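Here the structure is laid out as structure tokens; the discussion comes afterwards.
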There are 2 protein chains.
Amino acid sequence: MFSKTCEYGIRATIFIASQSYQDNRVGLKDIAEKIDSPEAFTAKILQILSKSNIIHSIKGVGGGFEIPKEKMSQIKLIQIVAAIDGDRVFTGCGLGLSHCSETHPCPVHDRFKEIRNNLANMLENTNLEELAMGIKSGDTFLRY
Amino acid sequence: MFSKTCEYGIRATIFIASQSYQDNRVGLKDIAEKIDSPEAFTAKILQILSKSNIIHSIKGVGGGFEIPKEKMSQIKLIQIVAAIDGDRVFTGCGLGLSHCSETHPCPVHDRFKEIRNNLANMLENTNLEELAMGIKSGDTFLRY
DNA sequence: AACCAAATATGATTTAAATCATGTTTTAAA
DNA sequence: TTTAAAACATGATTTAAATCATATTTGGTT
Ligand code: FES
Ligand code: FES
């Protein structure tokens, strides 16, 4: 469904949010451990997220990553996915035709479009704040 | 969403079905051309489908691949996907946790499960015959 | 100013998926 | 019974994603 890069990216972002919620800035090492991801790889992903203005990074001693509390409810999952995997998930053909089209549809186009739209809607309507809450309350998990 | 192997596999199966519908047995070369896939790669995929009893193969001169007309409406998309990609699409965690679970859910579990179930239902309820019809009538396409 | 802890940048390596190549077996027809 | 056209089997190569490694920049602290 999503690339591993994207999966890690989402998990990292949720973790940062859950910590920022209680004004806790977090560093790479901590993030990688808490979401069970390879550290160096995670570093790259965090940079993408940072450039996409999804997370905020602070360099130097005492630096780390954070997300302003006010922004959390505005950041939707779809932004993370789009920043990392692009829009192929929402616009790509289910059977791999070079582009999905109404006028030149593949055999599963109509059926697949629905699923794809459901997914897009879900990602558009899910914000970071709700997801971070689940972590904070211990109802949901970011590793294993 | 699906692997390329699986995409080609579905396209190949639909093409074979559309031809078998008019009692036309088809060979590898023809299949690869009509679905715009690499020939040698397609050969491997056809063997998987053959061993999975999704398509029937006939060796030797005049041989090729076919699907008995009576079986077409019984073959569901999900069988093809399961044979090639396994069940990861239906059972895997959306955020890449090693296994999806109700008791140890990731933050998007509930939301993602719905999408995944929709997809599974679609694949379970779509049979080869309907898909082959679209090709025959020229309403849908298997390449470009 | 010197130092250190952090993010950032860039490139190398590994791994898995996709693709290619070649030889073997089967079977109808000549 | 030879031949040729087909599927079948297996291994090699290529490509892209994932992972690792290393050097650089930034910014607070001493
Ligand atoms: S053309 Fe295949 S999903 Fe639209
Ligand atoms: S645990 Fe992630 S989707 Fe179920």
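Computed from a predicted structure; not experimentally measured. The sequence lines fix the lettering, A, B, ..., with proteins before strands; numbering per chain opens at 1. No hydrogens, no waters, no symmetry mates; every other heavy atom, side chains included, goes into these values.
By the side chain to side chain donor-acceptor pair (under 3.5 Å) test, A:Lys113 pairs with A:Glu102, sequence neighbours left out. Applying the side-chain contact (heavy atoms from CB on, under 4.5 Å) criterion to B:Cys100, with sequence neighbours excluded, gives B:Cys93, B:His109, B:Arg116. Qualifying side chain to side chain donor-acceptor pair (under 3.5 Å) partners for A:Ser101, counting only residues two or more places apart in sequence or in other chains: A:Thr103. Residues satisfying the side-chain contact (heavy atoms from CB on, under 4.5 Å) test with B:Ile75, not counting sequence neighbours, are B:Ile54, B:Ile67, B:Lys71, B:Gln79, B:Leu128. Contacts of B:Ser73 classified as side-chain contact (heavy atoms from CB on, under 4.5 Å), with partners at least two apart in sequence or in another chain: B:Asn127, B:Glu129.
Taking every heavy atom of residues 46-71 of chain A and every atom of DNA chain C, pairs under 4.0 Å involve A:Gln47, A:Ser50, A:Lys51, A:Ser57, A:Ile58, A:Lys59, A:Gly60, A:Val61, A:Gly64, A:Phe65, by number. For the contact set between residues 18-31 of chain A and DNA chain D, defined by any heavy atom under 4.0 Å, there are no members. Within residues 33-40 of chain A, the residues that have a heavy atom under 4.0 Å from DNA chain D are, in order of number, A:Pro38, A:Ala40. Across residues 77-98 of chain A, not one residue has a non-hydrogen atom less than 4.0 Å from an atom of DNA chain D.
At most 12 non-hydrogen atoms from other residues, nucleotides or ligands lie less than 6.0 angstrom from CD of A:Glu114.
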Review item, nucleotides 15-17 of chain C N/O atoms under 3.5 Å of protein N/O:
none

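Linking Ile, Leu, Val, Met, Phe, Trp and Tyr residues whenever their side-chain heavy atoms come within less than 4.5 Å places A:Leu77 and A:Met72 in a single cluster.
Side-chain contact check for A:Ile14 versus B:Leu95: some heavy-atom pair is nearer than 4.5 Å. Using a 4.5 Å cut-off on side-chain heavy atoms (C-beta onward), A:Pro107 and B:Ile135 make contact. The side-chain heavy atoms of B:Ile45 and B:Lys4, taken from C-beta on, include no pair separated by under 4.5 Å. Side chains of A:Leu97 and B:Arg11 form a contact here, defined as non-hydrogen atoms less than 4.5 Å apart.
Phosphate proximity of D:dT19 to A:Tyr8: present, with a side-chain N or O under 4.0 Å from OP1 or OP2.
What separates CD1 of A:Ile45 from P of C:dA7 is a distance of 14 Å, to the nearest Å.
For the pair A:Lys76 and A:Glu124, the salt-bridge criterion is not met [side-chain N within less than 4.0 Å of a carboxylate O].
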For A:Phe15 and A:Asp30, what are the C-alpha separation, side-chain angles and deciding distance, and is it a side-chain contact (heavy atoms from CB on, under 4.5 Å)?
-> CA-CA 10 Å; A:Phe15 175 65; A:Asp30 195 15; 4.1 Å; yes
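Residue-to-nucleotide contacts include no donor-acceptor pair under 3.5 Å from the side chain of A:Lys44 to the base of C:dT8.
Listed by first and then second residue, the ring pair (Phe, Tyr, Trp, His ring centres under 6.0 Å) pairs that reach into residues 65-94 of chain B come to none, sequence neighbours excluded. Pairs passing the ring pair (Phe, Tyr, Trp, His ring centres under 6.0 Å) check and including a residue from residues 26-47 of chain B, sequence neighbours excluded, read B:Tyr8-B:Phe41.
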